[in-house]
Amino acid sequence: MAKKEYSFYPGCSSERKASASNYMVSVESMCKTLDIKLNEIPDWNCCGASIGYAEGGELPRHAMNARNIALSEKHNPGQDIVATCAACWLGAKETHERLSASEQLLADTREALREAGLDTNYKGEVEIRHMVEVLIEDFGYEQLAKPVVKPLEGIKIAGYVGCQTNRPFGVAGESFENPKYLDKLTEIMGAEPVEKYDQKVTCCGGALAFSEPEKSQAQIKKIIESAYDFGAEMIVTPCPVCQMNVEVYQDQINKKYGTKFHIPVAYYSQLMAVAYGGNAKEAGLGGNIIRATRLEEIAAKPAKR
Amino acid sequence: MADIKIGAYVCKGCGLGERLNTAQLMTVAQREGKAQVVREHEFLCNSAGVAMIRQDIENEGVNHVVIAACSRRAKTDAFGFENVAVSRANLREGVIWVQPDTEEAKEITQEMAADYVRMGCAEVAKMQTPVANPTHGNNKRILIVGGGISGMTSAIEASKAGYDVLLVEKSGVLGGWVGKLYRRIPSHEPFADPMETGVPGLIKQIESDKRIKVYLNSTISRTSGAPGQFSVDISMESGGTTTENIGAVIMASGFEPYDLKKLPELGGGKSPDVVDQAGLEQLARAANGAAIKRPSDGKEVKSVVFVQCAGQRDESGKHLAYCSGHCCNTSIKQAMYFKDSNPNVDAVVVYTDLRTPGNGEDFYRSAQRKGVIFTKGKVSEVVPGAALQVKFKDLILNDDAVANADLVVLATGMVANSGVDIDAAGGAPNVEGQAQAEAGVGKQVSVLNLTYRQGKDLPLLKNGFNDSHFICFPYETRRTGIYSCGPVRRPMDAQQAIEDATGAALKAIQAAENAALGRAAHPRSGDLSYPTFRREGCTQCKRCTVECPFGAIDEDEERYPQFNESRCRRCGTCMGACPVRVISFENYSVDTVGYQVKAVDVPDQFSEKPRILVLACENDAYPALDMAAMNRIQYSAFARVVPVRCLGSVNTIWINDALTAGYDGVVLMGCQKGENYQCHFVRGSEMAHYRMSKIDDTLKGMSLEVERVRTCEVAITDIQRAPKIINEMAETIQKIGLSPMKF
Amino acid sequence: MAGAVATNETILVVGGGISGMTAALEAAECGKDVVLVEKNPSLGGRVSQLYKYFPKLCHPTCGMEINLRRIKANKRLRVFTLAQVDKVEGGPGDYAVTVRLRPRYVNENCTACGACADAVGAEIDNPFNYGLSKMKAAYLPFSMAYPQRYVIDPSIIGTPEAEKAKAACKYDAIDLGMKEQILTLKVGAIVWATGWRPYDAAKIQPYGYDRYDNVITSVEFERMMDPFGPTAGKLLRPSDGKEAKNVAFIQCAGSRDRNHLKHCSRICCMASLKQSTYVNEQFGDQAQSTIYYIDIRAIDRLEDFYQKVRANPTVKFVKSKVANITEDRTSGDVVLHGVDTEGYHRYDNRHDLCVLAVGMEPSVDVRSVAPGVHADASGFIEADVANGAIFGAGCSTNALDVNRAVQSATAAALRAIQVINKVSGAEV
Amino acid sequence: MSELNKVMVEKYRNDFLKEVEANVEEGDWVKMCMQCGVCSGSCPFGPYWEHPPQEIFMMIRAGKRDDVLKSESMWMCTSCYNCIVRCPRELPITHIMHGLANYAHRLGIAPKMNPTRRFAKLFWQNITKGGRVNELKLSIGLYFMDGFSNGIKKGLEMLPVGLGMFKTGRLNPFALLGGGKCKGADDIHKMLKKAKEIENRRKGFAS
């Protein structure tokens with residue numbers, strides 16, 4: 001497999017000891033197996049997330065993202081920018097799209113970038129891509145299946161795609177209402193996707209998890225309930241916000257609704273890291289508050305060859 | 001024509017050979033059917049079988065052919081012989097496919113087949129091969145009444161096809177309402193902006209077209225004759241009148257806007273600044289691209305409100321019940337007049353349903369892009385004043401709102417110029433008929449001034465629009481060779497009117513061409529037969545002249561019916577109407593059916609073998625029975641089905657004959673009548689039902705139960721129901737017993 | 001053969017639906033020579049698959065019977081079925097049209113006796129019922145099919161099944177050796193009447209046509225009402241065959257939508273109003289129809305019909321574009337979610353069955369065979385001088401109801417005649 | 001700030017639609033709505049909206065300025081983009097909602113106590129301080145938003161969560177002392193100051 005290289009935008013939650021640090025760990029080992037080289041954008045900054053709008057406003061938000069793109073084009077010229085976090089990807093991609101659509105906005109943003117000495121560096125010539133896109137488009141399911149040495153046999157997994165990885169851009173060829181790529185990934189990793197799972201793209205209330213907890217937790221309840229209804233033992237997701245929200249509030253939801261939720265929520269990259277033969281540590285399984293015991297077992301087993 | 005020589009041909013294919021005793025059928029044809037040549041064939045419709053028949057026609061002089069095989073609807077190519085009378089004894093769909101293949105059934109199935117052979121022979125013996133009506137005219141010039149977009153289009157299109165045109169316009173200029181527009185609704189992508197009307201160009205084209213003769217300030221004061229030989233008087237304002245001969249007529253008399261004075265609550269007539277759409281076009285033409293000024297004080301309009309469905313879609317019964325179709329697009333277009341000249345003008349369209357079908361959706365989006373505001377609401381009142389107040393209920397925000405405007409435009413809709421309502425006297429068929437003729441004096445002035453016995457103009461359907469079967473055959477009117485198009489037929493916008501007018505031009509040309517060949521028009525296109533009557537026998541009862549759905553029959557100076565063959569659609573309703581049975585067609589007459597009825601072998605009353613006569617409309621009921629057979633749905637073996645051109649052609653004598661001959665029941669199957677009629681001859685089925693409503697007396701007179709005769713509406717889809725109706729009659733007869741009239 | 005069939009005074013009509021049949025007949029009844037080609041085994045097109053027409057609630061086959069009678073009676077009109085136009089070359093008055101004739105494997109000897117169908121065991125999806133039912137691989141497309149001749153489906157050619165059919169035919173009407181033919185027709189003018197196809201409902205993802213059994217399309221709903229259709233004329237929902245008494249109709253399913261069809265398909269509102277009467281026809285006042293709409297577009301005299309339906313207490317109208325549909329796992333009911341925008345009322349409505357009033361798109365893009373022809377962004381033919389003597393008719397020009405399609409076809413026939421009369425120098 | 005509000009009221013008189021088109025992100029799309037309501041039905045938090053998006057668009061056209069700008073509704077947007085992908089008119093509804101909220105916020109007439117408004121403010125300060133999110137400070141800040149005792153209460157509620165995160169190495173206690181900091185933090189400050197300045201100029205907010 002040809003070595004592939006990308007400019008990498010990890011995002012705040014993926015920082016060491018941050019809420020999605022375990023995502024990062026698993027991504028690293030996954031990439032190792034697939035021989036993907038990620039060149040982190042030097043001194044990248046926050047994307048402003050979706051909630052940034054209220055105080056930040058339009059132009060400042062774009063400036064934040066434009067800075068990252070400029071830095072990438074400066075230090076990792078010609079390389080597509082790859083993000084693992086939905087919000088980072090969306091923020092950057094949105095800015096990129098708007099700036100290429102509006103001369104005015106581009107000019108204004110450059111003017112702002114000048115303050116950071118980056119005005120000339122923003123070209124907007126690179127693609128902004130999600131890690132999932134890279135896997136599907138640059139490798140393809142067939143390639144991704146090859147390195148599997150520990151098929152995740154017998155685990156029933158609900159693929160929870162969430163919002164921002166899916167809308168408004170989404171992955172080419174997938175539907176906004178019923179994307180199938182997580183199921184396909186799950187399947188080629190040897191696990192059993194719960195295809196009829198009907199909360200695939202339900203919003204977890206992410207942005208409002210802090211400000212409107214009971215509302216967002218009502219969403220999360222739906223998401224988990226349906227996973228159980230369809231017999232899933234685990235939920236897999238591509239989004240740090242989704243992962244965190246769906247995982248960490250289960251006890252609170254149980255208290256509030258008298259449910260008995262206790263379902264692990266893993267990243268696709270964790271499934272892949274394990275299936276590719278990685279151990280629990282390499283797959284960042286230690287980072288799961290609700291232990292993904294089935295994955296841990298398989299990770300502990302010797303690889304099939 | 002030469003003496004009749006009948007050849008009867010019995011097919012043994014499709015299981016007929018196995019199921020039936022064809023030898024016996026041949027004997028029947030020979031002995032009872034008087035067929036001089038009788039043959040059977042393993043597979044009559046294949047080349048060999050057909051060749052056999054052709055040989056007899058050429059060598060044996062056979063000129064009347066009975067095909068005893070499948071339904072008349074099947075194998076038409078194979079059995080289509082020129083200049084030979086052909087009848088079909090339907091042994092397949094009519095007999096073996098609707099009877100069980102069992103030993104018990106064998107006998108009555110054979111009897112059934114034998115009867116159909118008898119009937120086939122009897123029918124063909126009374127048939128003549130029709131020759132075209134000799135009195136036809138061959139004028140092919142097209143008269144077009146109305147010089148609006150529809151009339152002008154018809155004129156140009158007919159001329160392009162090589163036909164001479166007479167264009168008569170009551171006003172002093174061509175162009176009509178579209179000519180008065182500032183711009184038109186776009187007809188091409190991107191459907192974003194109003195477009196030129198193109199009317200000046202059309203007028204030039206007409207003026208320079210040597211095939212088109214234009215009469216301005218003129219109206220039609222008389223129209224007489226028939227397709228191919230119409231004669232019209234054209235009266236000019238100046239007083240003069242000329243008479244012209246023409247072949248066919250297109251009525252494109254258009255519409256008038258609904259009078260906004262009838263809408264005082266919406267400010268109609270109360271303020272000069274409340275205008276209708278036509279009024280707004282005037283203002284727009286005056287402004288010619290600059291700011292539009294309002295009538296009252298010439299002030300530049302800074303805010304305008306468009307009130308949709310003004311006096312339309314009205315449920316109170318006070319105004320128009322229908323939607324005029326174009327008004328939403330028109331208001332959008334007019335709102336653009338303002339926005340295009342000054343984007344800061346507030347233009348609001350208040351609507352309940354925004355109706356912009358097809359690419360109108362692009363036009364709608366374009367208006368929004370230009371800043372036109374659309375509000376779903378119901379306007380209750382427009383208060384006159386320097387600033388008009390439009391009071392409306394905002395249906396989305398569910399509250400009462402007021403919009404101030406310098407100008408208010410009411411979308412008032414179209415009223416058809418369809419002439420006088422000739423049926424105004426009353427709906428039900430009027431046998432005395434007088435009333436109908438006089439009913440002519442209606443609210444409106446006549447457009448065509450037809451000299452027809454049934455009235456001066458085309459019959460109307462609903463809401464004052466011309467009658468047409470407005471789904472499958474939108475152009476078919478009840479006056480042969482006279483077609484209507486444009487808003488007189490249905491509310492429509494200019495683009496649709498252009499399409500409509502082009503189609504109407506074809507129909508007019510077609511009518512003239514067919515008339516010149518003495519052939520029938522739709523739906524029996526190409527039929528050469530036409531009705532003739534025995535003058536000596538006629539009692540001048542006028543039923544035929546009144547009941548003809550197409551107003552084809554007038555009265556001559558001696559009060560005898562005068563058949564205008566070229567107006568006739570060959571449905572035979574006149575034949576059915578005639579109490580003294582003097583009307584007939586060469587190939588379809590009281591005898592061709594009557595003798596079939598008589599030919600049937602009626603067993604005595606102890607046989608327990610009743611006979612049921614089924615008279616089935618050939619357009620719907622008969623095909624339904626055919627398809628029932630194809631699906632092997634069985635019905636009583638005692639039924640004898642006779643297809644008729646239209647139930648309207650059923651003469652009660654056939655029922656009388658049947659009952660006196662000892663039939664036990666009669667079933668008449670016709671198409672749906674009434675407002676949503678499906679009858680292909682419009683009123684035929686209705687007439688038949690009307691006549692049969694009187695049959696009870698006859699039955700009582702014969703001391704027979706009224707249940708023995710049943711008239712019903714049967715649709716072509718009644719594939720299960722039609723057989724059921726027959727079986728129900730069989731059961732009824734079981735209950736009340738066989739007819740005592742047998743001997 | 002080809003030469004004998006047509007000359008440059010012949011009019012070619014492409015498509016044997018209501019528009020094509022009309023154009024062909026109107027021209028032929030003006031005395032012109034006409035060739036009508038239809039890609040299916042029989043004439044009739046979409047309308048033959050409808051149960052009733054609005055607003056008269058009459059039956060399409062009624063008018064079709066008349067048109068078929070006119071065709072049978074007219075010697076100037078020739079019909080080719082299983083015929084598809086591959087290429088159009090030349091110009092007004094002088095076109096060379098390449099027509100591909102697919103084998104029917106049944107010749108004119110066929111008496112439609114049905115013996116072959118009885119003999120064959122193999123079954124295929126019935127396209128006449130939009131695949132909702134199966135049929136024998138030797139078949140008559142439908143009771144009123146014209147030509148009234150059976151068809152052997154290519155899928156069984158070369159199999160014992162085909163031999164069975166052949167053996168069963170007493171009239172050697174079955175010719176398994178039939179080959180595809182290419183005709184080149186010389187014609188003077190062309191009427192393009194290839195009609196429409198229903199928009200692919202699976203693309204409207206929020207409605208889950210591809211996921212939920214009880215979400216169907218309006219055209220499929222029509223087939224259910226046919227006594228000889230997939231449900232024998234009963235309104236039974238697909239998931240469990242339960243009577244569908246509570247039916248939802250979703251308007252603008254694909255139409256008026258930048259994500260799908262940008263145009264309004266015009267007929268869908270009337271179609272749903274009409275179909276609501278079907279529910280009453282079967283269940284009387286047990287019926288419950290709900291029509292979810294943006295604007296009810298019952299234009300001109302069709303308004304009467306709308307008012308009639310509005311007055312029906314068993315029909316509800318909700319001004320709302322349904323947001324999405326979910327399925328109740330236990331009952332199989334469909335649940336429609338959205339907001340009634342007249343005063344903001346949120347709903348989650350449960351129905352037995354949901355019918356998507358799918359939009360119309362042109363079934364063939366004329367430009368694929370006649371590149372010069374001008375069509376709009378949706379592929380509908382636009383009148384344009386660049387089109388030469390190729391004239392659009394019916395739904396190949398726009399989303400039209402039958403009435404307007406017939407008008408359009410009649411107009412197209414005249415435009416073709418104008419060209420022919422120029423060619424022949426006919427002076428009247 | 002409410003000064004700015006007065007200015008705008010003056011400037012646009014009764015034409016709220018024009019005001020929105022000029023000052024609200026993607027505001028010029030508002031007029032394109034055809035009131036089908038698919039957005040209103042698609043919002044996961046829909047039931048909590050006093051006025052759903054399609055109704056807000058109508059209210060804007062109807063000039064109901066205060067009802068719109070003082071509404072809590074826009075603050076319910078979870079940025080899930082359901083409305084955007086379903087809208088048959090391709091309105092960027094999510095952004096318009098963001099834009100409206102932001103505009104109301106800048107005019108100082110957005111609901112004072114709206115939790116999302118306050119969180120958003122906190123969040124922006126948090127990220128712009130060092131250029132990156134400091135999750136710990138953010139959450140702590142959040143808890144103490146409504147004063148000390150409330151903060152403790154909320155904090156305790158969330159303690160298990162925090163603990164879990166901490167145990168699994170997904171929460172860094174030392175972040176209190178710093179972290180979430182870019183080298184170019186100062187550049188970022190300058191950049192943002194500039195951006196704001198330009199935006200104010202463009203939208204006539206500079207007063």
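Letters A, B, ... are given to chains in the order of the sequence lines, protein chains preceding strands, and every chain is numbered from 1.
Once rounded to the nearest 0.5 Å, the distance linking CD1 of I198(D) with CG of L105(A) reads 10.0 Å. To the nearest 0.5 Å, atom OG1 of residue T78(D) and atom CG of residue L208(A) are 7.0 Å apart.
Contacts between F176(A) and chain D at a heavy-atom distance below 4.5 Å involve the side chain alone, from C-beta outward. Neither the backbone nor the side chain of H189(D) comes within contact range of chain A; no heavy atom of the residue lies under 4.5 Å from a heavy atom of that chain. Only the side chain of F119(D) comes within contact range of chain A, with at least one heavy atom under 4.5 Å from a heavy atom of that chain. Residue I289(A) touches chain D through both its backbone and its side chain, counting heavy-atom pairs closer than 4.5 Å. Only the backbone of N288(A) comes within contact range of chain D, with at least one heavy atom under 4.5 Å from a heavy atom of that chain. The contact between N82(D) and chain A is made by backbone and side chain atoms together, counting heavy-atom distances below 4.5 Å. No part of T202(A) comes within reach of chain D, as not one of its non-hydrogen atoms sits under 4.5 angstrom from that chain. For chain D, no part of L118(A) is nearby; none of its heavy atoms comes within less than 4.5 Å. Proximity to chain D (any heavy atom under 4.5 Å) is restricted, for R98(A), to the side chain, taken from C-beta onward. For R117(D), no part lies under 4.5 angstrom from a heavy atom of chain A. Of the atoms belonging to D43(A), heavy atoms from both backbone and side chain fall under 4.5 Å from chain D.
Counted within 6.0 Å of CD on E103(A), heavy atoms from surrounding residues, nucleotides or ligands total 12 or fewer; the atom is thus considered open. The environment of F166(D) atom CZ is sparse: at most 12 non-hydrogen atoms of other residues, nucleotides or ligands sit within 6.0 angstrom. For K222(A), the NZ atom counts as densely surrounded, since its 6.0 Å shell holds more than 12 non-hydrogen atoms of other residues, nucleotides or ligands.
The two residues W124(D) and G48(A) make their nearest non-hydrogen contact at CZ3-CA, 4.4 Å. Nearest heavy-atom pair, N102(D) versus Y53(A), reported as atom, atom and distance to 0.1 Å: ND2-O, 3.1 Å. When all heavy atoms are compared, the tightest approach of F123(D) to C46(A) is CZ-SG, 4.5 Å. Shown here for P44(D) and Q219(A), the closest heavy-atom pair between the two residues is CB-NE2, 3.5 Å. Minimum interatomic distance between T116(D) and I51(A) (heavy atoms only, all atoms of both residues): CG2-CD1, 3.8 Å. What you find for E135(D) and S19(A) is that their closest heavy atoms are OE2-OG, 2.7 Å.
Put simply, of A120(D), A185(D), C182(D), G164(D), the one with the most heavy-atom pairs under 4.5 Å next to chain A is C182(D). Ranked by heavy-atom pairs under 4.5 Å with chain D, the first of G52(A), A112(A), A49(A) is A112(A). Taking chain A as the reference chain and counting heavy-atom pairs below 4.5 Å, the highest number among P115(D), C80(D), G131(D) is found for C80(D). Top candidate by heavy-atom pairs under 4.5 Å with chain D, chosen from K17(A), E55(A), R167(A), R16(A), is R167(A). The residue among Q252(A), R114(A), H62(A) with the most heavy atom pairs within less than 4.5 Å of chain D is Q252(A). Put simply, of P168(A), A116(A), A87(A), the one with the most heavy-atom pairs under 4.5 Å next to chain D is P168(A). Chain D forms more heavy-atom pairs under 4.5 Å with one residue of G206(A), G287(A), C203(A) than with any other, namely G287(A). When the candidates S216(A), G56(A), S21(A) are compared by the number of heavy-atom contacts under 4.5 Å with chain D, G56(A) comes out ahead.
Salt bridge present: K194(D) and E111(A) bring a charged side-chain N and a carboxylate O closer than 4.0 Å. Look at R61(A) and E25(D) and you find a salt bridge, because one of the NZ, NE, NH1 or NH2 atoms lies within 4.0 Å of a carboxylate O, short of that distance. Contact check on R86(D) versus E177(A) returns a salt bridge, with a Lys/Arg side-chain nitrogen under 4.0 Å from an Asp/Glu carboxylate oxygen. R202(D) has no carboxylate O lying under 4.0 Å from a charged side-chain N of E58(A), or vice versa, which leaves the two without a salt bridge.
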I'd like to know whether E115(A) forms a salt bridge (Lys or Arg N to Asp or Glu O under 4.0 Å) with K193(D), so could you lay out the CA-CA distance, the side-chain angles of the two residues, the decisive distance to 0.1 Å, and finally the verdict.
CA-CA 9 Å; E115(A) 300 295 314; K193(D) 187 162 164 296; over 6 Å; no
Check against side chain to side chain contact (heavy atoms under 4.5 Å, CB included), S79(D) and Q164(A)
CA-CA 8 Å; S79(D) 313; Q164(A) 300 192 341; 3.6 Å; yes
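Distance alone, capped at 3.5 Å, places no donor-acceptor pair between the R106(D) side chain and the A54(A) backbone. With E199(D) contributing its side chain and L59(A) its backbone, the two residues share a donor-acceptor pair below 3.5 Å.
W44(A) has its side chain within reach of R132(D): a pair of non-hydrogen atoms, C-beta onward, lies under 4.5 Å apart. A heavy-atom distance below 4.5 Å is found between the side chains of L90(A) and Y81(D). Looking at M165(D) and E247(A), their side chains never come closer than 4.5 Å, going by heavy atoms from C-beta outward. Between E15(A) and V133(D) the shortest side-chain heavy-atom distance does not fall below 4.5 Å.
Both cation-pi conditions hold for K215(A) and Y48(D): the charged atom is under 6.0 angstrom from the six-membered ring centre and inside a 45 degree cone around its axis.
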